[in-house]
Student: 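Can you keep this structure in mind? I'll have questions shortly.
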Amino acid sequence: MQRLFRWWGLAAFVAVIAVLALLYALFMDSLLRHVIIRSGSTLVGAKVDLAKVELHLLDGKLILKQLQIANARAPMRNLLSVETLSADLDVQQLWWRRVHIERMQLLGLQFDSARTESGALPGVKPSGALELLPQMAQFDWQMLADKNGWEKLFDDLQLDSLQSVAALRTELKTAETDFKQRIAQLPTNEQLKAYENRWQQIAGKAQGSQLERALSFVSKAKELDALRRDVKAELAKVKALKSQFETSRERLQQHYERVRSAPERDLAQLLAHTSVDLPGTDKLLSNVLGPALNTRLNKGVDYYRVAEPWLNKARIVAGQHPDAPPPPARFAGLDVQFVEQLPQPLFWLKQAELSGELHWQQWQASFEGLVSDVADRPELVGEPSRLQLKASAQSGGDMQLLIEIDRRQPELSAALQLKARAIRFRDLALAETPALALQIEQGLLDLDVSAQQQPALSELKTTAALHDVQLRMSSNSAERFAQELVAELAKTTAFELELYWRKDAQGEQRSLNSSLDDIAKAAFKRVLSVRIAAKKAEVKAKLQARINSELAGLQQQWGDYAALENILREQGKALEDMSKRELKR
Amino acid sequence: MLRTLFKFFVLLNSETSPWQLAFGAALGMVLGLTPLWSLHNVLVLFLLLLLRVNISFALLSMALCAGLAYGFDNQFHALGWQVLNAPMLQDLFNACYNIPLLRWAQFNNTVVLGSLLVSVILFLPFAVLVRIGISAYRRHWQARFEQLKIVQLLKASRWYEALSRMETGA
């Protein structure tokens with residue numbers, strides 16, 4: 001036994017364990033801090049900073065101090081930052097390698113706070129922004145910068161008169177084709193000649209005795225009656241067609257006269273600013289607001305994207321094929337799950353209390369919230385994960401947020417409701433293009449956001465009502481027209497925005513509506529009308545010249561159509577003459 | 001202090017028979033092939049200290065095998081996956097899964113189980129191979145090795161002199 005064992009080795013083993021325990025006591029907190037930073041950065045795709053970690057295993061207490069999670073898309077901002085995070089762990093569950101947090105407190109929570117240094121990770125690209133807004137026809141604001149910008153606008157107007165010319169052209173073409181087909185069914189020249197030949201035969205001098213000549217006359221009279229009947233039948237067809245042709249020609253003539261007088265009507269409508277339809281003017285301002293709105297919406301989407309990989313984490317159960325082999329690193333591999341006698345989630349955050357400050361466009365509010373039942377196996381918890389947040393400001397305004405994420409079924413479903421009322425904000429930039437810049441210096445906001453994620457459906461609806469608004473608008477256009485338009489729009493004190501996005505099996509729908517568009521369009525028409533009124537005669541002459549030019553192109557077509565009447569007239573005359581002929585004794 | 005440390009170092013290297021070196025290397029192999037911070041390595045460490053095996057050789061073997069293990073992680077994972085999903089062993093694994101200590105031993109991790117199985121299977125053959133290798137070295141190569149200039153330089157150094165004195169003293 002002496003040769004096999006060295007008994008002092010037992011003391012050495014105890015000494016090694018003691019040294020390890022000492023190292024744990026000295027360095028465990030630092031090691032845990034590095035693990036949290038490394039795994040957090042990998043999950044988020046941006047830097048995670050953590051000042052201090054305190055782990056008291058025997059008490060089941062974990063404390064994190066000054067946690068900052070950077071925003072991958074805006075590296076100088078944090079997605080969120082927490083002053084102190086303290087968690088009470090269930091020590092009994094730790095024996096089973098489960099982390100159950102009975103209660104967590106997050107104090108000093110802030111969203112979108114500034115960082116002192118960039119939180120970008122080298123070589124990591126943030127995921128692309130979602131296109132939540134529809135593609136809209138562009139209105140060329142730059143055109144207003146041209147010297148005669150408004151005149152060019154006028155050239156592009158979709159006026160009734162021009163549309164009427166197009167309609168007339170089509171109608172004329174259709175009528176010509178139709179009558180040509182029907183004329184083709186009338187007796188041809190050969191048929192008329194045949195009738196003539198029959199007449200000649202009937203009218204030929206009779207031969208023979210007086211009796212024979214008398215009998216021949218009777219027979220010829222009968223033939224003449226038959227010929228007359230045939231000719232009259234053809235004549236009736238021709239007359240009917242001629243009557244229809246005359247009606248059609250009269251109608252087309254009236255249409256023609258209406259088109260010729262259209263410029264007068266167009267001018268009246270322009271002056272009454274009721275018919276101004278240019279590409280893009282339907283969504284004059286929505287187009288300008290679009291990019292800024294898309295950016296703000298994607299900020300919210302970023303929070304979901306950070307949580308998404310963790311929410312959709314796959315579990316490897318015995319008997320199920322693994323997703324992929326592990327990376328070639330030590331301590332990797334897959335943990336296979338087996339049947340537990342008392343099944344429990346491996347991770348379960350039962351309840352977390354949040355409190356902090358919310359800052360948005362100089363609106364400052366304190367908030368409190370509760371997160372409950374976040375677990376890796378929600379089917380064992382029996383409840384969906386929830387986040388409830390309430391914020392209120394001393395200066396007025398309040399906000400309520402409720403998010404529910406249900407992973408108890410294989411397919412994830414989630415719902416979000418956000419209500420904000422009377423948020424008094426300042427300096428909100430809605431558009432920052434040189435052609436048209438729009439900033440709200442101050443205003444009151446009421447906001448409703450609802451979103452849902454179902455297995456076959458994603459939907460987002462946002463309604464924002466802004467009132468008591470002070471707008472500041474500017475354009476780099478030197479054109480007075482543009483400046484007048486901007487001045488009109490800047491008088492707005494209230495408007496609404498509505499965004500809808502939906503994706504399902506049928507496809508994707510997006511719409512953006514804004515009452516600012518109606519305001520802008522009305523202002524646009526008013527300013528344009530004033531310009532047109534000042535140059536009434538000139539505008540009318542221009543419109544008339546355009547119409548005359550279009551109508552000149554119709555002359556050939558009109559001539560071809562009118563020529564059909566000649567054909568009918570000639571045929572009718574020939575048949576008429578033939579029907580009146582008498583036999584000579 | 002330095003003297004105590006040297007004494008400790010000499011003690012570590014006092015087991016120099018071929019079998020002591022071989023089993024030391026085999027235990028080191030287990031430490032090297034399997035993830036270091038696994039619970040079963042506490043038992044391996046205990047055996048390493050309790051049994052009269054050469055600890056330095058064990059540490060050397062551990063370092064070499066740890067380097068090799070990086071290239072075999074996928075194979076360990078594949079083996080571990082096959083074993084953990086073997087139908088005839090499911091009842092056993094279900095029972096083990098409900099014992100907290102075995103959970104901490106991470107028996108249900110594919111790389112841990114796969115590498116442990118490989119190191120257990122290779123334990124005796126590895127020890128025998130090392131034993132044969134050491135005997136062959138001592139018989140055929142040791143004399144030539146000691147003739148090398150670098151070895152002579154090392155032997156002439158103060159450190160080696162001090163070590164020899166310690167050994168003699170021990």
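Residue numbers start from 1 in every chain, and the chains themselves are labelled A, B, ... in the order their sequence lines are given, proteins ahead of strands.
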Student: Working to the nearest 0.5 angstrom, can you tell me the gap between B:L47 CG and A:F5 CZ?
Tutor: 9.0 Å

Student: Heavy-atom distance under 4.5 Å to chain A: side chain of B:L48, backbone, both or neither?
Tutor: backbone

Student: Donor-acceptor pair, distance only, cut-off 3.5 Å: does the side chain of B:R52 make one with the backbone of A:L4?
Tutor: no

Student: Within the distance-only criterion (no hydrogens, no angle test), does the side chain of B:N94 pair as donor or acceptor with the backbone N or O of A:V339 below 3.5 angstrom?
Tutor: yes

Student: May I have all residue pairs that pass side-chain hydrogen bond (donor to acceptor under 3.5 Å, both in side chains) and include part of residues 87-99 of chain A, sequence neighbours excluded?
Tutor: A:K61-A:D88, A:Q93-A:R98, A:R98-A:E340

Student: Do A:R6 and B:V53 make a side-chain contact, defined as non-hydrogen atoms from C-beta onward lying under 4.5 Å apart?
Tutor: yes

Student: Who among B:W104, B:F107, B:F72 has the most heavy-atom pairs with chain A under 4.5 Å?
Tutor: B:W104

Student: Sorted by first residue and then second, give each ring-ring contact (aromatic ring centres under 6.0 Å, His included) pair with at least one member in residues 10-46 of chain A; sequence neighbours left out.
Tutor: A:F13-B:F46

Student: Checking side-chain polar atoms at under 3.5 Å, does B:N109 have a donor or acceptor matched by the opposite partner on A:D335?
Tutor: yes

Student: Measure the CG-CD1 distance between B:L49 and A:I17 for me, rounded to the nearest 0.5 Å.
Tutor: 9.0 Å

Student: Would you say B:T110's side chain and A:L334's backbone share a donor-acceptor pair under 3.5 angstrom?
Tutor: yes

Student: Side chain, backbone, both or neither: which part of B:I99 has an atom under 4.5 Å from a heavy atom of chain A?
Tutor: backbone

Student: Counting only non-hydrogen atoms closer than 4.5 Å, does B:V112 touch chain A with its backbone (N, CA, C, O), its side chain (CB onward), both, or neither?
Tutor: neither

Student: Would you give the length of the straight line joining atom CG of B:N98 to atom CG of A:L342, rounded to the nearest 0.5 angstrom?
Tutor: 8.0 Å

